[in-house]
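Below is one structure; the comments refer to it alone.
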Amino acid sequence: MRRIIAVLFSLFVPILMKAQKTCHQSGLSSHILNSNGTIAVPAVSNTIYSGNSQSINSNREIVIPVVVHILSNSITSGISDEQVHSQIEALNRDFGGRNADLANVPERFKGVVGKSLIRFELAKIDPAGNPTSGIVRKKTNISMFSLDDRIKYSAKGGDDAWTKDHYLNIWVGSLLNSVLGYASVPGAPASTDGVVLNEMVFGTINKPGSYNMGRVAVHEIGHWLGLKHIWGDGYCGDDGIDDTPSQKSYNRGCPSGVVQTCGNDAKGDMYMNFMDLTDDACMFMFTEGQKRKMRSQFETGAPRQALLSSGALGTPGTVLDANWNGASKVSELALSAFKVYPVPATSEITIDVLSGSKITQLTVYNMIGQAMLTVPVNKARAVVDISGLRAGQYMIRADQPGASIERFVKL
């Protein structure tokens, strides 16, 4: 019997790994990447933000802290730390436009290639402020997870999400019905926000078949950052990106030459785009428009803005408070009521309260919103001892309504 099972398994795995990608939508506004599913229109916002926000600009590298939740039914998981690091490197390779096969973009599309300046890094501290590798391993009694998001809840056999204001959650496990992965979209509930990946397509080390370059994760994180499929998730649909051509539907396998559908121009389908459904080896580009759409998610008021001030890559010892978003608070306050100097400082700072201000108290916060010091104000100048603070950047907020938040750096 064991020999029969082993033979069947050896036959099944290559079939799964060579299966064609298709996509369908769950009832949870997620993109599902399935080896043999159906197509439906996903609920992805097509809002393009202004691009004028002071919180982000086109030349700033965006760094996204990542936590990888590995769920395994056995005592030991087949996903090693090295495999996790290989997946992070694959993300940085493709989102950074450092992939060697970018040179394979056909001449007709070279002018619209976009490099997102988005980088991914495993978290250094967990939500409680403890040091972490950014990798969470958990044994589960569930042999295969389905599309019901149980993998995202400890009480259901999975693992709870870390706060989405500080982390990109990636869950990795064995998925039912040949599902390769699925993603939430911007604005999803905090408890389900993130990406789920089949352990068979996670990472790049010793991966057989068509999905061996970590690009299922690239595709799904594209959805997590607001991108639709390149065909707009409808027959000859619109993905809302001005430099991706219209095309009838998804492409499979590894097309070549010009494939014309939906009356698109002589350039044809952009089947080498990460948001189509071709094999890993045959998708290798984002466009400039897709880059702008992904980065727009970090503008003021946009769903991913809080990640810009995440403390997950900071110094251990700070509790990451999901209830206070320093970045959005800064954008809400405008009135300059006090000045702080010197910047940077080593042991103390001086605070000058400006004439007309009605400040009675100032509070010093770290960059993820934890109150560190309270400073009573009863005269025009206050000298504050900061020798007990860790090195880093801090914010000072006044109790006067509408007053500004000032920043300083402790060396």
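- Scanning all heavy atoms of the two residues, the minimum distance from T261 to K248 falls at OG1-N, 3.0 Å.
- When all heavy atoms are compared, the tightest approach of D160 to Y153 is OD1-CA, 3.4 Å.
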Exercise. So T163 and D165, side chain to side chain donor-acceptor pair (under 3.5 Å) or not? Walk me through it.
Worked result: CA-CA 5 Å; T163 173; D165 285 349; 4.7 Å; no
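- Between the side chain of D280 and the backbone N or O of N212 there is at least one donor-acceptor pair closer than 3.5 Å.
- Side-chain atoms of S174 never come within 3.5 Å of backbone atoms of M144 as a donor-acceptor pair (strictly under, hydrogens ignored).
- Side-chain contact between I349 and I396 is present, with heavy atoms from C-beta onward closer than 4.5 Å.
- Within a 6.0 Å sphere centred on OH of Y235, other residues, nucleotides and ligands contribute 12 heavy atoms or fewer.
- To the nearest 0.5 Å, atom CG of residue N251 and atom CG of residue D279 are 11.0 Å apart.
- Counting only N and O atoms by type, the side chains of S86 and Q83 include a donor and acceptor under 3.5 Å apart.
- Between the CG atom in L102 and the CE atom in M285 there is a gap of 7.5 Å [rounded to 0.5 Å].
- Without hydrogens or angle criteria, D243 side chain to G289 main chain gives a donor-acceptor distance under 3.5 Å.
- With a 4.5 Å cut-off on side-chain heavy atoms, L71 and V172 do not count as touching.
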Exercise. Should I70 and E199 be marked as a side-chain contact (heavy atoms from CB on, under 4.5 Å) after you check the CA-CA gap, both sets of side-chain angles, and the distance that decides it?
Worked result: CA-CA 9 Å; I70 300 174; E199 60 188 13; over 6 Å; no
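- R137 has its side chain out of reach of S72: every pair of non-hydrogen atoms, C-beta onward, lies at least 4.5 Å apart.
- In this structure the side chain of M372 never reaches within 4.5 angstrom of the side chain of I386, judged on heavy atoms.
- The aromatic rings of F95 and F120 sit perpendicular to each other, their planes meeting at more than 60°, with 30° as the lower class boundary.
- Checked by atom type and distance alone, the side chain of K164 pairs as donor or acceptor with a backbone atom of A188 at under 3.5 Å.
- Of the possible donor and acceptor atoms, none in the side chain of T363 sits under 3.5 Å from a partner among the backbone N and O of A371.
- None of L168, L197, V84 except one satisfies the side-chain contact (heavy atoms from CB on, under 4.5 Å) rule with V68; the exception is V84.
- Atom CD of E299 sits about 10.0 Å away from atom CG of L308, to the nearest 0.5 Å.
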For this session: Using the side-chain contact (heavy atoms from CB on, under 4.5 Å) rule, take H223 and M275 through it: C-alpha gap first, then chi angles, then the decisive distance, then the call.
Result: CA-CA 8 Å; H223 288 315; M275 301 314 294; 3.4 Å; yes
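- Judged purely by distance below 3.5 Å, without hydrogens or angles, the side chains of S146 and D148 pair a donor atom with an acceptor atom.
- With 3.5 Å as the limit, one finds no donor-acceptor pair spanning the side chains of D149 and T192.
- Distance alone, capped at 3.5 Å, is enough to place a donor-acceptor pair between the H219 side chain and the F274 backbone.
- Within 6.0 Å of the NZ atom in K138, the count of heavy atoms belonging to other residues, nucleotides or ligands exceeds 12.
- Taking each heavy atom of K228 and D233 in turn, the nearest pair found is CB-OD2, 3.4 Å.
- A search for ring pair (Phe, Tyr, Trp, His ring centres under 6.0 Å) contacts involving W224 returns nothing, not counting sequence neighbours.
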For this session: Apply side-chain contact (heavy atoms from CB on, under 4.5 Å) to L389 and F408, showing your working.
Result: CA-CA 12 Å; L389 297 179; F408 71 90; 4.1 Å; yes
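- Here S310 contributes atom OG and E121 contributes atom CD; the two are 10.5 Å apart, rounded to the nearest 0.5 Å.
- Residues R292 and D242 are paired through a salt bridge, judged by an N-O separation under 4.0 Å between the basic side chain and the carboxylate.
- Residues A161 and A190 come closest through the heavy atom pair CB-O, 3.8 Å.
- A salt bridge (Lys or Arg N to Asp or Glu O under 4.0 Å) with D352 is found for exactly one of K339, K379, R381, namely R381.
- Counting heavy atoms from C-beta on, the side chains of T300 and Q305 come closer than 4.5 Å.
- Across every non-hydrogen atom of A123 and Y167, the tightest pair is CB-CE2, 3.6 Å.
- Of the listed residues (K293, M294, K291), just one forms a side-chain contact (heavy atoms from CB on, under 4.5 Å) with F286, and that residue is M294.
- Two residues are said to be in side-chain contact when any heavy atoms from C-beta on lie closer than 4.5 Å; R295 and R60 meet this criterion.
- Here the side chain of N169 pairs a donor or acceptor atom with the backbone of W162 at under 3.5 angstrom.
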Problem set entry | Test log, rule side-chain contact (heavy atoms from CB on, under 4.5 Å), inputs F109 and M270 | CA-CA 8 Å; F109 292 129; M270 191 183 283; 3.5 Å; yes
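- Inter-residue side-chain proximity for V377 and T360 is flagged as unmet; no heavy-atom pair is nearer than 4.5 Å.
- Between the side chain of D269 and the backbone N or O of Y271 there is no donor-acceptor pair closer than 3.5 Å.
- Taking 4.0 Å as the cut-off between side-chain N and carboxylate O, R304 and D193 count as a salt-bridged pair.
- A donor-acceptor pair is defined here as one N or O able to donate and one able to accept, closer than 3.5 Å; no such pair exists between the side chain of N92 and the backbone of R119.
- Considering every non-hydrogen atom in both Q87 and A217, the closest pair reads NE2-CB, 3.4 Å.
- To the nearest 0.5 Å, atoms CD1 (I151) and CZ (F145) are separated by 5.0 Å.
- A salt bridge does not link R93 to D101: none of the charged side-chain nitrogens sits closer than 4.0 Å to a carboxylate oxygen.
- At least one donor-acceptor pair under 3.5 Å links the side chain of N99 to the backbone N or O of F284.
- Contact check for T132 versus N130: no side-chain heavy atoms found under the 4.5 Å cut-off.
- The CD1 atom of I170 sits 6.0 Å away from atom CZ of F202, with the distance rounded to the nearest 0.5 Å.
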